[in-house]
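Convention: sequence-line order gives letters A, B, ...; per-chain numbering from 1. All values derive from a computational prediction rather than experimental measurement.
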Amino acid sequence: MSNFVEELRWRGMLHDAMPGTEEQLAKEMTSAYVGIDPTADSLHIGHLVSIMMLRHFQNAGHRPLALIGGATGMIGDPSGKSKERNLLDEESLRHNQESIKAQLALFLDFDSEAPNAAKLVNNYDWMKDFSFLDFIRDIGKHITVNYMMAKDSVKKRLSGEGEGMSFTEFTYQLVQGFDFLHLYREYDCKLQMGGSDQWGNITTGTELIRRKESGEAFALTCPLITKADGGKFGKTEEGNVWLSAKYTSPYKFYQFWKTTSDADAERYIKIFTLLEKEEIDSLISRHQEAAHQRELQTKLAEEVTRMVHGQEALENAIKASEILFGKSTEEDLRSLDAETLMDVFQGVPQFELSNDKLEGGLEIISFLAEETSIFPSKGEARKMVQGNGVSINKSKVDLNKQINKADLIAGKLILAQKGKRNYFLINVV
RNA sequence: GGGGAGAUACUCAAGCGGCCAACGAGGACAGACUGUAAAUCUGUUGGUAUACACCUUCGCAGGUUCGAAUCCUGCUCUCCCCA
């Protein structure tokens with residue numbers, strides 16, 4: 001068994017741990033869990049930190065449990081400023097659970113015969129038949145409201161001008177605490193991990209275990225991932241960056257990591273890749289000498305994309321990126337055949353355009369906003385073209401531009417570009 | 001049950017009868033500079049339109065007025081305080 005806590009520490013993934021946690025892990029193979037909200041049928045990269053924690057945990061010889069928060073997800077954690085959630089029906093809950101499990105299997109070993117094989121559980125399974133009366137009698141009795149009110153997540157919502165807090169949300173920490181107790185009983189789970197905002201919820205669990213079972217359980221949290229510029233991690237204009245190719249194409253996924261800022265890249269590569277310390281250290285020192293090489297971002301993007309989407313998807317993403325961001329010109333574009341282009345650009349948004357629209361030329365504005373929805377309105381398209389922000393086949397265009405057959409690449413494709421990074425492939429049929 | 005405050009564009013937040021498509025800030029997008037970075041500077045940020053202009057928008061529904069985000073009435077929702 002290797003030292004899990006030490007591993008997290010050098011990776012910058014350790015925010016806080018209860019005293020005795022390290023000793024417990026050194027003593028014996030231990031089970032730990034993190035909770036995941038099944039609000040969608042895919043994980044997004046905000047989940048990735050927790051998952052990497054579990055991965056390291058399993059690597060260290062311990063046993064990871066992933067808890068799907070079917071029950072708690074219905075309530076909504078008052079930590080942060082999240083509002084009340086909508087309830088999920090059981091059918092979509094199960095669907096989400098299955099999809100998420102498949103994704104987790106990319107990181108964790110669920111199947112092996114090893115004693116530390118990962119396990120997926122869903123708190124809906126033990127909460128659904130737990131009656132309110134039973135719950136308040138068996139669980140509620142052991143925790144005082146005073147204790148619950150002292151939690152930051154609760155205090156924040158009770159004070160100030162906020163939206164207030166429903167009783168349902170207030171009970172969240174108790175329900176989560178009971179999860180921990182349940183896992184402690186069923187799986188001898190002695191550790192709960194999560195983001196630092198979960199500390200209060202986790203300690204309610206350890207407290208419950210102490211009072212109900214006279215047991216000792218532990219908490220370990222990682223820092224919340226931030227961006228150097230203060231923005232939210234993992235969000236782009238289009239929303240979350242998902243692990244599922246259905247929602248975020250491998251190309252987009254790769255690009256997300258590749259455009260990480262210098263200030264963030266050093267932290268991220270430690271957290272989101274499994275690279276060893278020496279390799280990361282040398283990458284970082286090389287990056288500091290020659291930041292413009294972007295070696296760090298490239299490596300980060302490669303590692304994470306490979307882990308999530310596999311080698312082949314990674315290679316396509318790289319190929320697409322080279323064509324789009326390399327020094328390639330209209331000439332290079334034209335040298336490619338339609339097959340290659342279609343293949344490489346799988347991840348960029350695509351539109352279809354009928355061939356006869358091009359007869360006699362098509363106004364650029366109409367092309368951008370009517371025939372395709374690259375822009376939502378003609379006004380916006382016009383402004384952007386006037387602002388020198390639109391390229392067709394890598395060449396800037398102005399308002400006089402007419403799209404016609406001469407613009408077709410390989411006889412059937414047009415590559416439109418909004419700004420530097422947003423590409424669209426138009427398939428003329 | 002009683003009293004008070006409020007609902008404005010992606011978010012926060014001005015405006016309190018015409019000069020309001022609506023100050024400002026943030027965010028987002030784009031341009032310049034760069035390294036597909038950061039910082040900085042510039043532009044854009046309801047729709048149609050080259051433009052004049054027109055249309056739709058300030059919780060919902062009505063009303064007053066030449067004219068309403070702004071005044072009146074009713075409704076819905078939110079928050080706070082007291083019981």
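Note on A:A291: a base of the nucleic acid sits closer than 4.0 angstrom, heavy atoms only. Heavy atoms of A:K383 sit under 4.0 angstrom from primed sugar atoms or phosphate atoms, though from no base atom. At a threshold of 4.0 angstrom between heavy atoms, the contacts of A:Q255 include nucleobase atoms, whether or not backbone atoms are also involved. The residue A:D262 sits close to a base: some heavy atom pair falls under 4.0 Å.
The separation of B:C10 from B:G46, taken at their P atoms, amounts to 9 Å, rounded to a whole angstrom. Of the P atoms belonging to B:A32 and B:A25, the separation is 24 Å, rounded to the nearest Å. B:A30 and B:A37 have their P atoms separated by 11 Å, with the value rounded to a whole Å. Between B:C80 and B:C58, the distance separating the two C1' atoms is 24 Å to the nearest Å. When the C1' atom is compared between B:U76 and B:G62, the two are found 14 Å apart, to the nearest whole Å. Across the C1' atoms, B:U56 and B:A22 are found 14 Å apart, a figure rounded to whole Å.
In the set B:G31, B:U34, B:C29, the nucleotide with an atom closest to the side chain of A:K418 is B:C29. Among the nucleotides B:U50, B:C29, B:C33, the one closest to the side chain of A:R382 is B:U50. Here the side chain of A:S377 is nearest to one of B:G35, B:U48, B:A30, namely B:U48.
Take the nearest nucleotide of RNA chain B for A:M384 and for A:H287: the residue whose nucleotide is more 5' is A:M384. Looking at which nucleotide of RNA chain B each of A:T259 and A:E380 is closest to, the 5′-most match is held by A:T259.
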Bracket string, RNA chain B, 5' to 3' - pairs by Watson-Crick or G-U geometry under 3.5 Å, | interstrand: ((((((((.[[[..)..(.....]]]((((((.......))))))(((....)))...[[[[[..)....]]]]]))))))).
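We find that CD of A:E266 is positioned 12 Å from C1' of B:A37, with the value rounded to whole Å. The separation between A:E295 atom CD and B:U36 atom P is 15 Å, rounded to whole Å. Rounded to a whole Å, the CZ atom of A:F233 is 19 Å from the P atom of B:G27. Whole-Å rounding puts the A:R267 CZ to B:A38 C1' distance at 13 Å. For the pair A:L300 CG and B:A37 P, the computed distance is 15 Å after rounding to whole Å. The distance from atom NZ of A:K227 to atom C1' of B:G27 is 11 Å, rounded to the nearest whole Å. Put simply, NZ on A:K396 is 11 Å from C1' on B:A32, counting in whole angstrom units. The distance between atom CD1 of A:I318 and atom P of B:U36, rounded to the nearest whole Å, is 16 Å.
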Donor-acceptor list for residues 43-61 of chain A side chains, cut-off 3.5 Å, not counting sequence neighbours:
residue, atom, partner, partner atom, Å
A:H44, ND1, A:G46, N, 3.1
A:H47, ND1, A:H44, N, 3.0
A:H47, ND1, A:H44, O, 3.4
A:R55, NH1, A:F107, O, 3.1
A:Q58, OE1, A:D109, N, 2.9
A:Q58, NE2, A:D109, O, 3.1
A:Q58, NE2, A:N116, O, 3.0

Atom pairs and distances, donor-acceptor, side-chain atoms in residues 268-278 of chain A, under 3.5 Å, two or more places apart:
residue, atom, partner, partner atom, Å
A:Y268, OH, A:T226, O, 2.8
A:T273, OG1, A:I269, O, 2.6
A:T273, OG1, A:L275, N, 3.4
A:K277, NZ, A:D281, OD2, 3.2

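For the pair A:R421 and B:A37, the criterion of a side-chain N or O lying under 4.0 Å from OP1 or OP2 is met. Within the 4.0 Å cut-off from OP1 or OP2 of B:G31, not a single side-chain nitrogen or oxygen of A:K420 is found. For the pair A:N422 and B:U36, the criterion of a side-chain N or O lying under 4.0 Å from OP1 or OP2 is not met. Side-chain nitrogen and oxygen atoms of A:K378 include at least one within less than 4.0 Å of the OP1 or OP2 phosphate oxygen of B:A49.
Classification of A:R9 and A:E6 as a salt-bridged pair holds, one side-chain N sitting under 4.0 Å from a carboxylate O. With salt bridges taken as basic N to acidic carboxylate O contacts below 4.0 Å, none links A:E91 and A:R94. Salt bridge present: A:K299 and A:E303 bring a charged side-chain N and a carboxylate O closer than 4.0 Å. Ion pair A:K405/A:E359 flagged as a salt bridge, since at least one NZ, NE, NH1 or NH2 atom sits closer than 4.0 Å to an Asp/Glu carboxylate oxygen. Using a cut-off of 4.0 Å between Lys/Arg side-chain N and Asp/Glu carboxylate O, A:E289 and A:R286 are scored as not salt-bridged.
Two rings, from A:F345 and A:Y251, have their centers 6.0 Å or more apart.
Here the straight-line distance linking atom OG1 of A:T204 with atom CD1 of A:I139 works out to 12.5 Å at 0.5 Å rounding.
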